Number of protein chains: 2
Amino acid sequence: MERSSHKVSMAVIRRLPKYYRYLEGLLKKDINRISSKELSRIMGLTASQIRQDLNCFGGFGQQGYGYNVAELHNEIAKILGLNKHYSSVIVGAGNLGQAIANYSNFQRQGFELKGMFDINPKLIGLRIRDVEIHDIDNIEGFVRENDIEIGIIAVPLENAQDIADKLVAGGVKGIWNFAPFDVKVPENVEIEHVHLSESLYTLTYLLNEKDILEKKD
Amino acid sequence: MERSSHKVSMAVIRRLPKYYRYLEGLLKKDINRISSKELSRIMGLTASQIRQDLNCFGGFGQQGYGYNVAELHNEIAKILGLNKHYSSVIVGAGNLGQAIANYSNFQRQGFELKGMFDINPKLIGLRIRDVEIHDIDNIEGFVRENDIEIGIIAVPLENAQDIADKLVAGGVKGIWNFAPFDVKVPENVEIEHVHLSESLYTLTYLLNEKDILEKKD
DNA sequence: TAGATTGTTAATCGATTAACAATC
DNA sequence: TAGATTGTTAATCGATTAACAATC
């Protein structure tokens, strides 16, 4: 028995946080009503696309009026699961791990950091913002005992898959991976990669695109 | 007079760093030959797509043989502009700025960090890995005098556009933006955004997708 | 030579855009 | 009511996949 909920495409999903961010900006400016046309103008999309995207999840607008900003912001928050609380751990307490731990956007908004892990004995026992750094050997048990839902990987590429396996064994539901390696996880675990060098190399590509394409002729 | 160099689509461009990364992995394993079929298997793409992608830039393979790993790796490095040197500055010397400064992948590979900038008097004058933190008021002059090509923005969203404007005024060619705001730059300046919370919210969406789509029915 | 695999053209698929009736 | 703007269907566009002749 098939549910009518046809999968939403990744292209749409990745635009949702963007809508959420722009709506937050409108809220801050005390704008309480917006049409798809006006939103398309400030976001650089088409009005048609915005309406199509939103209608994957429901009819949030009103003919002749547009969308209520606060309401739409709230609906998208729910779609993104931002009305829920998540407990998390960061594995790797180096520069990147510490930066994520301190990342203010991450601290608020219901993402509770329950623990950090590192292999370096000098770091173990220290605290970042009141969060203790544990020995990396204890990941699996800690994740299980504390019902950790999100595991954040900030270790070198060599160790990334091993850490992912341990997080999964402990029972995390999702992994936010900052290591430059596409760690594999079982189907029932969600994975989101942040490949910083890929982003940087995209920029350098664009800086050189003209020369590259001319040379090809 | 139009050049035959038809623009390469962004979808293709964003796969290039991924090819580069996987080829690097093969190199490390001393594998010196690969077919599009085998590469498609380890990367999770189709062989057809790989051949299409590469042929946007040239015929790097050989019929009946496949691709020489070292050669293809090198060609893609050139396409991505990784054979060149770039001088850069980081604006914002908080946790994120410092993490980027210390990011090892960034330090090697020809990305020279020439200076950092912050508004906080306590940070100004300090050094991160031998790189001095300057007063944020001096950005434009510093960028111009030191021929900085890449400006990295790691400041709060409120200041991001102002910083971008100053970097552009100083003459940067590209901006790597970590602020949660789509800063606008002139057409001749390239921009690459890293929106960390959008990535995180994509993960939380996926954690809740089933519930969301069922509720809709 | 026979087998393998590319480069490239053609077919398919999916995502974006356009259009418009429904309706606030 | 008249005007505005949605939700949704149809048309278009672009990206991915399939197929195969060329060739190493």
Side-chain angles (χ1 to χ4, degrees), chain A residues 4-16 18-19 22-23 26 31-73 75-76 79 202 205 213 216-217, chain B residues 4-19 22-23 26 31-73 75-76 79 202 205 213 215-217:
Chain A
S4 78
S5 48
H6 52 307
K7 262 265 187 167
V8 176
S9 85
M10 211 56 195
V12 174
I13 294 169
R14 293 208 175 274
R15 279 193 294 269
L16 291 173
K18 210 166 283 285
Y19 293 130
Y22 275 89
L23 289 166
L26 293 171
I31 295 168
N32 48 35
R33 170 187 162 180
I34 189 114
S35 67
S36 58
K37 190 178 171 195
E38 175 62 8
L39 189 57
S40 77
R41 200 186 57 74
I42 60 178
M43 289 186 68
L45 305 172
T46 65
S48 205
Q49 181 167 62
I50 292 174
R51 294 203 300 278
Q52 287 272 28
D53 284 356
L54 298 178
N55 277 91
C56 293
F57 301 98
F60 305 124
Q62 196 167 308
Q63 280 100 328
Y65 174 86
Y67 300 86
N68 177 289
V69 174
E71 191 191 309
L72 185 56
H73 180 263
E75 289 291 346
I76 295 182
I79 294 166
T202 301
Y205 170 86
L213 296 183
K216 203 202 143 196
D217 299 338
Chain B
S4 78
S5 47
H6 52 308
K7 262 262 185 170
V8 176
S9 84
M10 210 56 195
V12 174
I13 294 170
R14 294 209 175 273
R15 279 193 293 270
L16 292 173
K18 211 165 282 284
Y19 292 130
Y22 275 89
L23 288 165
L26 293 172
I31 295 169
N32 49 35
R33 170 187 163 180
I34 189 116
S35 67
S36 58
K37 190 177 170 195
E38 175 62 7
L39 189 57
S40 76
R41 200 185 57 74
I42 60 177
M43 288 187 69
L45 305 171
T46 65
S48 206
Q49 182 167 62
I50 292 175
R51 295 202 300 277
Q52 287 273 27
D53 285 355
L54 297 179
N55 277 90
C56 292
F57 301 97
F60 304 125
Q62 196 166 309
Q63 280 100 329
Y65 173 87
Y67 300 86
N68 179 288
V69 175
E71 191 191 309
L72 185 56
H73 180 264
E75 289 291 346
I76 294 182
I79 293 167
T202 301
Y205 170 86
L213 296 184
K215 199 165 57 180
K216 203 201 141 197
D217 299 338

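All of these numbers come straight from a predicted model, not from anything done at the bench. All chains are named by letter (A, B, ...) in the order of the sequence lines, taking the proteins before the strands, and each is independently numbered beginning at 1.
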Q.
Could you tell me how far apart Leu72(A) (CG) and dG7(D) (C1') are, to the nearest whole angstrom?
A. 14 Å

**Q.** Rounded interatomic separation in angstrom, taking CD from Glu71(A) and C1' from dT6(D)
**A.** 14 Å

Q | Least distance between heavy atoms, Glu71(A) atom then Phe60(A) atom | A | OE2-O, 3.9 Å

Q.
Defining pairs by Watson-Crick or G-U wobble geometry with both distances under 3.5 Å, how would you list the stems of DNA chain C with at least three pairs each?
A. C:3-24 with D:3-24

**Q.** Whole angstrom value for the distance that separates C1' of dC13(C) from CE of Met10(A)
**A.** 19 Å

Q. Once you round it to whole Å, what is the distance between C1' of dT23(D) and CD of Gln63(B)?
A. 5 Å

Q: Please round to the nearest 0.5 Å and tell me the distance separating atom CD1 of Ile50(B) and atom CG of Leu54(B).
A: 7.5 Å

Q: Using whole Å, report how far CZ of Phe57(A) lies from C1' of dG7(D).
A: 16 Å

Q: For Asn55(B) and dT5(C), give me the distance from atom CG to atom P, rounded to whole Å.
A: 17 Å

Q.
Could you walk me through whether Arg15(B) and Leu45(B) satisfy the side chain to side chain contact (heavy atoms under 4.5 Å, CB included) test, starting with their C-alpha distance in whole Å, then the side-chain angles of each, then the deciding distance to 0.1 Å, before giving a yes or no?
A. CA-CA 10 Å; Arg15(B) 279 193 293 270; Leu45(B) 305 171; 4.1 Å; yes

Q: On DNA chain C, check which nucleotide each of Gly64(A) and Ala11(A) is closest to and give me the residue with the more 5' one.
A: Ala11(A)

Q | Given DNA chain C, 5'-ward residue of the pair Tyr65(B) and Arg15(A), judged by closest heavy atom | A | Tyr65(B)

Q.
Looking at every non-hydrogen atom in both residues, tell me the closest pair between Met10(B) and Thr202(A) and how far apart they are.
A. CE-CG2, 3.7 Å

Q | Distance in angstrom units between Asp53(A) CG and dT6(D) P, rounded | A | 13 Å

Q) Any sub-3.5 Å donor-acceptor pair from Arg33(A)'s side-chain atoms to Gly66(A)'s backbone N or O? A) no

Q. OP1, OP2 of dG7(D) versus side-chain N and O of Tyr67(A): anything below 4.0 Å?
A. yes

Q.
Between the base of dT8(D) and the side chain of Gln52(A), is one N or O donor paired with an acceptor at under 3.5 angstrom?
A. no

**Q.** Member of Lys18(A), Glu75(A), His73(A) meeting the side chain to side chain contact (heavy atoms under 4.5 Å, CB included) criterion with Leu23(A)
**A.** His73(A)

Q. Between Arg41(A) and Glu38(A), is any pair of side-chain heavy atoms under 4.5 Å apart?
A. yes

Q: Could I get the full list of side-chain contact (heavy atoms from CB on, under 4.5 Å) partners for Gln63(B), not counting sequence neighbours?
A: none

Q | Between P of dA18(C) and NZ of Lys37(A), the distance in whole Å | A | 13 Å

Q) In residues 38-51 of chain A, which ones come under 4.0 Å of DNA chain C, going by heavy atoms? A) Thr46(A), Ser48(A), Gln49(A), Arg51(A)

(Q) Please determine whether a side-chain nitrogen or oxygen atom of Arg33(B) lies at a distance below 4.0 Å from atom OP1 or OP2 of dC24(D). (A) no

Q) So do Phe57(A) and Leu213(B) actually touch side chain to side chain, heavy atoms under 4.5 Å? A) yes

Q. Per the atom types in the model, does the base of dT23(D) pair as donor or acceptor with the side chain of Gln62(B) at under 3.5 Å?
A. no

